[in-house]
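Taking it in order: structure first as structure tokens, then the write-up.
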Amino acid sequence: MKVLFMGTPDFAKTILEALHENGHEIAAVVTQPDKPKGRKKILTPPPVKEYAIEAGIPVYQPETMKNGAFADTLAAIDPEIIVVAAYGKILPSYILDYPKYGCINAHGSLLPRHRGAAPIQRAILMGDTLTGVTAMYMAEGLDTGDMILKVEVPITDDDNFETLHDKMAEAGSRAMLDALLAIENGTAARTPQDDSLSTYAAKIENKDCALSFDAPLRDVFNHIRGLSPIPGAVALMPSGRTLKILAARMTNEKTDKTPGTVLSTTGGKIAVATKDGVIAITEVQPEGKGKMPAAAFLNGRGIAEGDVLTQPQYE
RNA sequence: CGCGGGGUAGAGCAGCUUGGUAGCUCGUCGGGCUCAUAACCCGGAGGUCAUGAGGUUCAAAUCCCAUCCCCGCAA
């Protein structure tokens, strides 16, 4: 089948790579336009584009596809199926309707749970212990289409956003390969979602990064690892500067101190009180600095026993 | 010209305002104590203070100028 691939970040790149290496005919790739990145506004191509160029696949980066803007190009590519993974834009109906075999999407959750932009992070934040990738037919609504198959991925306490993301990209690759095979064989399932069970995984914003220690230990732990290493859970130090907390461990210790209080700074860990336990912070990134082990931060006297970490306020 | 922080020993920092002796915590090496230790004690090594045979000065990590690099925010 002649495939048109649409996707943007690393998650999509991994899947594109899997399809390409497994002999699928990738007629073209559509990805987001290069975006200015960082302080110097350097135009940075999305990962998918980098791979496509390397593989000699034509790349299209339309600013918009609304109102038929992409129709001519689409007709020229003339795909039999469109495979989408984290593209980042809503596809208009004229595109969804074009391919003979339809549009299929790799979504990073076990639908109908966690529809939306940040399913991987939300799964960790919500304390899920099982997630996965759903291969689905795309419909007009947001991640509402009929499901083809799922590949499950367990979430362990050792996972953070980064490690889970990588596992999910692998699962996504398998899901899409299997889905394509099933479609070619005419055996693809088409299971409608139970809308009553759906949840929405909203995009991660600044306010989602604000870390409150006035919560159960488990929640604090999930908050930290679900946002690590990017963008990072943020706490506020007594100095008024922010401190990103990138890694931590749960402990069995108990305390009755105010949540956020630094209980000890020994052993290279920063022990902080939560609502019902003690969390040991092991890696941080102070404002304006690079990431560093908690031990290094302590050596530089960044924080002391008795200090209280508070929750930053974002609007 | 978006706003801001920074570059000092392997790591993290202080010192700069008010120029004049290279400092702190950790690590590392050696020794000691101990049943033992990531604990404690003693001692040592390790630094072109980002770059510029720049400027000012009797004297620059410190003040001035230029350049490079790193990072946070915003986007």
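We name chains A, B, ... by the order of the sequence lines, and we start the count at 1 in each one.
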[M] and [N], which share atom name [atom1], separated by this distance in whole Å:
N: B:G15; M: B:G5; atom1: P; answer: 15 Å
N: B:G46; M: B:U62; atom1: C1'; answer: 24 Å
N: B:A11; M: B:U51; atom1: P; answer: 15 Å
N: B:G43; M: B:U25; atom1: P; answer: 13 Å
N: B:A9; M: B:G52; atom1: C1'; answer: 23 Å
N: B:G31; M: B:C49; atom1: C1'; answer: 32 Å
N: B:C63; M: B:C70; atom1: C1'; answer: 25 Å
N: B:U56; M: B:A66; atom1: C1'; answer: 15 Å

Provide the Watson-Crick or G-U wobble partner of [N], both distances under 3.5 Å; none if there is no partner.
N: B:U56; result: none
N: B:G43; result: B:C29
N: B:C13; result: B:G23
N: B:C3; result: B:G72

Could you give the [atom1]-to-[atom2] distance, from [X] to [N], as a whole number of Å?
X: A:Gln285; N: B:C70; atom1: CD; atom2: C1'; result: 11 Å
X: A:Leu243; N: B:C73; atom1: CG; atom2: C1'; result: 15 Å
X: A:Ile230; N: B:C71; atom1: CD1; atom2: C1'; result: 14 Å
X: A:Phe297; N: B:A14; atom1: CZ; atom2: P; result: 11 Å
X: A:Glu287; N: B:C13; atom1: CD; atom2: P; result: 13 Å
X: A:Lys289; N: B:C69; atom1: NZ; atom2: P; result: 19 Å
X: A:Leu236; N: B:G72; atom1: CG; atom2: C1'; result: 14 Å

Can A:Val220 be reached from A:Ile303 by stepping across I, L, V, M, F, W or Y side chains whose heavy atoms are under 4.5 Å apart? yes

Walk me through whether A:Arg218 and A:Asp157 qualify under salt bridge (charged side-chain N to carboxylate O under 4.0 Å, His left out). CA-CA 10 Å; A:Arg218 182 89 215 177; A:Asp157 279 357; 2.5 Å; yes

Pairs meeting criterion ring-ring contact (aromatic ring centres under 6.0 Å, His included) with involvement of residues 135-175 of chain A, two or more places apart: A:Phe161-A:His165

Just N and O in the side chain of A:Lys291: are any of them under 4.0 Å from OP1 or OP2 of B:C70? no

Checking A:His24 now: which residues fulfil side-chain hydrogen bond (donor to acceptor under 3.5 Å, both in side chains) with it, not counting sequence neighbours? none

Review item, side-chain donor-acceptor pairs of residues 279-287 of chain A, under 3.5 Å, at least two apart:
unit_1   : atom_1 : unit_2   : atom_2 : d
A:Thr282 : OG1    : A:Ala247 : O      : 3.2
A:Gln285 : NE2    : A:Lys289 : O      : 2.8
A:Glu287 : OE1    : A:Thr242 : N      : 2.9
A:Glu287 : OE1    : A:Thr242 : OG1    : 3.1

Please list each protein N or O that sits under 3.5 Å from an N or O in nucleotides 25-29 of chain B, with the distance.
unit_1 : atom_1 : unit_2   : atom_2 : d
B:U25  : O4'    : A:Arg301 : NH2    : 2.8
B:U25  : O2'    : A:Asn299 : OD1    : 3.2
B:C26  : O4'    : A:Asn299 : OD1    : 3.1

I'd like a table of donor-acceptor pairs (distance under 3.5 Å, sequence neighbours excluded) in which one partner is a side-chain atom from residues 53-60 of chain A, with atom names and distances.
none

Can you figure out which of B:A11, B:C73, B:A74 approaches the side chain of A:Asn206 most closely? B:A74

Qualifying side-chain hydrogen bond (donor to acceptor under 3.5 Å, both in side chains) pairs with a residue from residues 175-198 of chain A, counting only residues at least two apart or across chains: A:Arg115-A:Gln193, A:Arg115-A:Asp195, A:Asp146-A:Arg190, A:Asp194-A:Ser196

Over 12 foreign heavy atoms within 6.0 Å of CE, A:Met250: yes

